[in-house]
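What follows is a short report on a single structure.
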Amino acid sequence: MSVAGKKIRWMTTVVVPLTAFGLLAGCSKSPANSDSSNASGTKAPVAAKDITIALSNSFIGNPWRQTMVKIFEQAANDAKSKGLIKGFSTNNTAQNTATEQIGQIKSLILKKPSAILINSASPTALNTVIKQACDAGIVVITFDSVASEPCEYNLAADLTKYGEMGADSVIKAMGGKGNVIVVRGVVGSQPDKLIYNGQMSVIKKAPGIKILSVLQGEASNSVTQQSVQSALPSLPNVDGVITGGSTYGALQAFEAAGKQLPFGNFSNDGTDLALWQQLKAKDPKFKAASVRPDPGQSSFALYEAIAIVKGATVPKSLIMPNLLITEDTFAKWIAVTPPSATAARYWNQEQTLAGIAAQASGKEMPALDIPSSAP
């Protein structure tokens with residue numbers, strides 16, 4: 001029996017404004033200030049025929065990361081076919097540990113790529129090896145799960161706000177009172193910390209909410225289902241589930257246990273969108289929305305790296321817009337988001353440069369059209 005077959009008391013909206021903050025001015029060829037200069041160690045612009053880009057990804061075990069890698073490779077192949085880069089490499093770690101990723105990056109430094117794009121296993125543990133890469137003249141961009149070495153460029157979503165809005169939607173659906181479980185994302189990652197901090201800041205302001213348990217779900221529906229399923233026998237009635245992007249897995253656990261499905265919020269994972277579609281078919285009055293950081297930021301990071309390597313001045317910190325799916329856009333998004341993937345945008349070179357220019361001047365990144373095909 002599917003989740004859609006149960007009586008469902010909820011579905012709430014999560015809306016995150018596409019607001020840029022903390023941006024440094026200067027996207028033209030002339031430096032605007034020292035922080036937005038090419039501080040990653042590049043000494044001179046590099047010709048396209050010599051540019052190589054390496055991706056270092058700390059985790060590959062959920063659809064978001066898998067979609068992110070697929071879009072990076074799509075962008076890299078496009079860039080190579082257009083003569084923008086010489087080549088690229090994709091490097092995934094198996095254990096999601098900083099130690100493993102440090103060793104991987106050290107090996108990449110020896111190969112002397114023009115730039116390394118890093119989805120980091122830790123906000124701090126990689127700083128030393130990132131500094132080594134910068135000192136070797138390699139441009140370093142950390143994205144999604146960012147690090148904190150001053151020489152790197154950062155590309156991140158407003159994850160704290162994402163956590164705040166997700167928790168707030170569940171609490172409001174519960175009428176401000178009741179028992180919740182919180183399911184965290186990828187262990188030790190910066191996104192998980194930011195999302196969790198946002199969730200906790202909202203929960204602390206709701207005296208009627210009691211946290212029964214904080215579980216680990218690795219931002220994976222299957223892991224979340226196992227984690228919740230193991231915890232449920234020892235828990236009293238659960239009124240709400242607050243996750244960092246794996247609500248579907250939590251609901252599967254409640255269904256398997258024969259329990260009333262709690263209040264929750266959607267991810268834009270393909271399995272969540274399929275559930276949304278089932279619920280809409282069952283009840284035409286059903287309404288929901290979804291938001292999540294955009295896996296397509298890997299394509300933005302690639303074109304950003306090319307711009308920096310070629311000598312452009314780019315702000316050291318950029319904020320990617322979260323990906324919002326509404327009732328009005330749902331049909332188009334589910335058509336291009338299979339259950340095994342996550343809804344994502346593809347940023348081409350022109351769109352990336354426009355996004356950089358917008359944020360450099362303190363504006364939001366331009367909105368992109370919904371893609372016409374799956375990544």
Side-chain angles (χ1 to χ4, degrees), residues 16 18 20 48 51 53-57 60 62-85 87-90 92 115 117-119 141-145 153-158 162 191 245 267-270 272-273 290-310 312 314 318-326 328-359 364-375:
V16 178
L18 309 183
I51 295 176
I53 309 289
L55 171 67
S56 172
N57 175 42
I60 195 64
N62 64 43
W64 195 100
R65 291 288 183 107
Q66 292 159 10
T67 301
M68 179 274 292
V69 169
K70 183 179 292 186
I71 290 177
F72 164 78
E73 292 179 339
Q74 178 184 345
N77 277 312
D78 287 349
K80 185 177 179 181
S81 68
K82 294 175 181 177
L84 299 175
I85 63 174
F88 68 94
S89 66
T90 303
N92 301 306
L117 314 182
I118 300 174
N119 200 324
I141 299 175
T142 67
F143 70 100
D144 178 42
S145 182
Y153 291 82
N154 287 336
L155 178 65
D158 189 349
Y162 167 63
S267 161
N268 52 20
D269 184 289
D272 281 38
L273 298 187
S290 168
V291 70
R292 203 175 186 190
D294 185 0
Q297 62 189 271
S298 58
S299 57
F300 189 105
L302 179 123
Y303 288 113
E304 178 188 358
I306 293 171
I308 296 168
V309 172
K310 292 179 70 175
V314 173
L318 296 172
I319 302 299
M320 290 295 297
N322 287 294
L323 193 153
L324 175 66
I325 300 174
T326 66
D328 292 338
T329 61
F330 172 77
K332 290 183 177 180
W333 274 113
I334 196 167
V336 295
T337 311
S340 60
T342 298
R345 303 179 187 92
Y346 175 89
W347 293 79
N348 63 29
Q349 185 183 38
E350 181 181 2
Q351 292 162 341
T352 298
L353 295 178
I356 292 171
Q359 290 220 339
E364 295 179 359
M365 290 191 183
L368 297 187
D369 293 336
I370 296 170
S372 59
S373 60

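If you read the sequence from its start, that first residue is 1, and numbering goes on from there. All heavy atoms count here, side chains included; hydrogens, waters and symmetry mates do not.
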Assess the residue pair Leu117 and Glu304 against the criterion (side chain to side chain contact (heavy atoms under 4.5 Å, CB included)); give the C-alpha distance rounded to whole Å, side-chain angles, the decisive distance to 0.1 Å, and a yes or no.
CA-CA 10 Å; Leu117 314 182; Glu304 178 188 358; over 6 Å; no

How close do Ile71 and Pro375 get, counting heavy atoms only, and between which atoms?
CG1-CB, 3.8 Å

Looking at every heavy atom in both Leu273 and Ser267, which two are closest together, and how far apart are they?
CD2-O, 4.3 Å

Sequence neighbours excluded, the answer for side-chain contact (heavy atoms from CB on, under 4.5 Å) partners of Ser340 is Pro338

Here the gap from Ile334 atom CD1 to Asn268 atom CG, rounded to the nearest 0.5 Å, amounts to 11.5 Å

How many angstroms lie between atom CD of Gln349 and atom CG of Leu84, to the nearest 0.5 angstrom?
5.0 Å

Taking atom OG1 of Thr342 and atom CZ of Arg292, what is their separation to the nearest 0.5 Å?
5.0 Å

Min side-chain heavy-atom separation Phe143-Leu318 under 4.5 Å
no

Which heavy atom of Ser298 sits nearest a heavy atom of Met68, and at what distance?
OG-O, 2.8 Å

On a heavy-atom basis, the closest approach of Ala358 and Glu364 is CB-O, 3.3 Å

To the closest 0.5 Å, what do you measure between OH (Tyr153) and CD1 (Ile308)?
4.5 Å

Between Pro293 and Tyr162, is there a side-chain heavy-atom distance shorter than 4.5 Å?
yes

Is there a side-chain contact between Leu55 and Phe88 (heavy atoms, below 4.5 Å)?
no

Working to the nearest 0.5 angstrom, can you tell me the gap between Ile53 CD1 and Tyr303 OH?
11.0 Å

Hey, what do you get for OG1 (Thr67) to CG (Asn62), rounding to the nearest 0.5 Å?
8.5 Å

Quick one, Asn348 and Asp78 - any side-chain contact, counting heavy atoms below 4.5 Å?
no

Please check this pair: side chain of Asp294 against backbone of Arg345, looking for a donor-acceptor N/O pair closer than 3.5 Å.
yes

Please find the pair of heavy atoms, one from Ala344 and one from Trp333, that lie closest to each other, and give the distance.
O-CZ3, 3.5 Å

By side-chain contact (heavy atoms from CB on, under 4.5 Å), Ile60 pairs with (sequence neighbours left out) Asn57, Gln66, Val69, Asn92

Minimum heavy-atom distance Trp347-Gly296, with the two atoms named
CD1-O, 3.6 Å

